[in-house]
Amino acid sequence: MEQANVKVSFYLKKSEADADGMCPVMARLNIGKYSEAAFSVKLRVPQAIWSSGRTSGKSVKAKEINNRLDEIRAMALGIYAELSAVRDSVTADDVKSLLLGMAGEQTTLLSYFRTFIENFAKRVGVNRTEGSLRSYRNAYNHVERFMREKYNLSDIPFSALTLSFIQDYDSHLRTDCRLSPGTIINLTVQLKIIVGEAVADGIITTYPFTGYEPVRPKQKRRYLTSEELQRLMTMPLHRPNLYLTRDLFLFSCYTGIPYSDMRLLSKEHLSLADDGTWWIRSSRRKTGVEFEIPLLDLPLHIMEKYRDTAPDGKLLPMYSNSTMNLNLKRIAKLCDIDCPLVFHAGRHTYATEITLGHGVPLETVSKMLGHARIETTQIYAKVTDDKINADTRVLNERIAEHFSVVI
């Protein structure tokens with residue numbers, strides 16, 4: 001697309017000359033034939049040394065004024081170049097607003113993103129995790145690389161962040177970076193969070209993500225069915241490391257505790273209720289939200305099996321997460337399990353098959369999983385077709401007990 005002709009010129013506002021002949025210097029910005037804006041450059045110049053839009057003479061003062069005017073012209077042209085690189089129809093008023101700093105100090109995307117990351121880093125160990133911090137830094141690097149490669153820009157004003165920019169970023173992640181749809185969603189969600197913070201801070205008023213819909217990955221089942229769970233529990237494995245991995249995974253399946261929290265469990269997290277039920281009471285490492293889980297027979301048996309085998313008073317001897325997932329893939333192959341078997345599938349299995357699938361209310365499951373919002377539980381706990389069929393049959397039987405229909 002052809003760039004509009006951009007011109008920055010300076011003139012004196014002679015109608016406001018003072019008694020010494022000092023006049024305010026004004027700038028006029030023209031973009032194309034029809035877009036014009038004028039503004040003060042906050043300088044006053046003697047009318048006697050003004051000539052053809054600049055000061056004349058070789059005095060130090062004259063040179064300082066001319067250097068400032070050149071700087072303002074370069075800034076205006078630079079702002080126009082950045083805006084027009086990512087959106088159409090840039091007006092003179094757009095450039096003027098940014099040049100005068102009307103949007104405040106944090107007007108650019110990456111500088112605001114950096115400040116967000118700095119503030120986030122201060123909360124790591126309090127109510128944020130190092131892993132989340134790394135993911136935001138990774139998202140920042142992707143945006144920074146995209147602007148450099150796509151537009152040859154080091155940053156852009158928030159006002160230049162449009163739907164077109166978002167769509168170009170999505171395309172870059174898909175085609176240039178060859179990332180999976182799930183990864184792209186994660187990166188764009190993190191950018192959404194930054195933009196949402198800027199909206200909340202009043203930096204921008206329009207939401208550039210309106211109308212953006214990412215390509216969503218084909219959903220894969222992330223939990224084990226009751227049949228798969230039974231096969232996993234009864235299959236001979238013949239290797240000690242696989243047996244330990246299976247026991248640890250089953251502990252997660254029957255408690256819903258994820259890897260990051262399981263490896264921190266110690267005897268102090270156990271408590272015995274008056275009715276003889278053992279509970280695990282702890283808080284999520286990721287969010288700090290407390291969770292309380294009554295222990296079923298199987299996790300109690302696993303704890304007893306590995307009693308006093310873990311270092312530092314921990315409840316269970318844990319492999320690394322990567323080793324665990326590698327072993328689970330071997331187990332899945334032996335058990336003919338089609339579900340992508342990673343350790344976190346245990347948490348999904350607890351939510352879907354162990355609790356919701358057996359009639360435990362969603363609110364109770366949410367509390368046991370340590371979710372701050374019940375909407376999060378709804379994402380984890382996918383209701384199976386079998387559960388729907390079973391509930392429908394029960395409903396049908398109850399209706400039949402109370403009503404008779406003559407046809």
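Small disclaimer: the values here were computed from a predicted structure and weren't measured.
A salt bridge links Asp70 to Arg54: at least one charged side-chain nitrogen sits closer than 4.0 Å to a carboxylate oxygen. Electrostatic pairing of Arg148 and Glu144 counts as a salt bridge here, judged by a charged N lying under 4.0 Å from a carboxylate O. Using a 4.0 Å cut-off between charged nitrogen and carboxylate oxygen, Lys367 and Glu292 do not count as a salt-bridge pair.
Asn5 places no side-chain N or O within 3.5 Å of a backbone atom of Lys33 that could act as its donor or acceptor partner.
Counting only heavy atoms from C-beta outward, the side chains of His344 and Tyr259 never approach each other to under 4.5 Å. Residues Thr245 and Leu326 are not in side-chain contact: their nearest non-hydrogen atoms beyond the backbone lie 4.5 Å or more apart. With contacts defined as side-chain heavy-atom distances shorter than 4.5 Å, the pair Val25/Arg68 does not qualify. Two residues are said to be in side-chain contact when any heavy atoms from C-beta on lie closer than 4.5 Å; Ile72 and Phe10 meet this criterion. Contact annotation: the side chain of Asn186 never approaches that of Val189 to less than 4.5 Å [non-hydrogen atoms, C-beta and beyond]. The closest side-chain heavy-atom distance from Val6 to Val95 is not below 4.5 Å. You'll find the side chain of Glu353 stays beyond 4.5 Å of the side chain of Cys253, heavy atoms only. Leu250 is listed as a side-chain neighbour of Leu229, based on a closest heavy-atom distance under 4.5 Å.
A donor-acceptor contact closer than 3.5 angstrom links the side chains of Ser320 and Ser322. Side chain to side chain, Tyr306 and Asp247 meet the donor-acceptor criterion of an N or O pair below 3.5 Å. Using modelled atom types and a 3.5 Å distance limit, the side chains of Asp94 and Thr91 yield a donor-acceptor pair.
Contacts of His172 classified as ring pair (Phe, Tyr, Trp, His ring centres under 6.0 Å), with partners at least two apart in sequence or in another chain: Phe146. In this structure Arg137 satisfies the side chain to side chain donor-acceptor pair (under 3.5 Å) test with no other residue, sequence neighbours excluded. Scored by the ring pair (Phe, Tyr, Trp, His ring centres under 6.0 Å) test, Phe291 finds no partners at all (sequence neighbours excluded).
Counting heavy atoms of neighbouring residues, nucleotides and ligands inside a 6.0 Å radius, atom NZ of Lys329 exceeds 12 of them. No more than 12 heavy atoms of other residues, nucleotides or ligands sit less than 6.0 Å from atom CD of Glu290. In Lys314, the NZ atom is crowded: over 12 heavy atoms of neighbouring residues, nucleotides or ligands sit closer than 6.0 Å. More than 12 heavy-atom neighbours from other residues, nucleotides or ligands sit within 6.0 angstrom of CG on Asn67.
Ser282 approaches Leu265 most closely through the heavy-atom pair CB-CD2, 4.4 Å.
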Inset, instruction - Decide yes or no on side-chain contact (heavy atoms from CB on, under 4.5 Å) for Arg263 and Arg285, but give the supporting numbers first. - result: CA-CA 11 Å; Arg263 69 184 183 86; Arg285 176 177 175 271; 4.0 Å; yes
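Ring geometry for Phe165 against Tyr169 counts as parallel: the plane angle stays under 30°, on a 0 to 90° scale with 60° as the upper cut.
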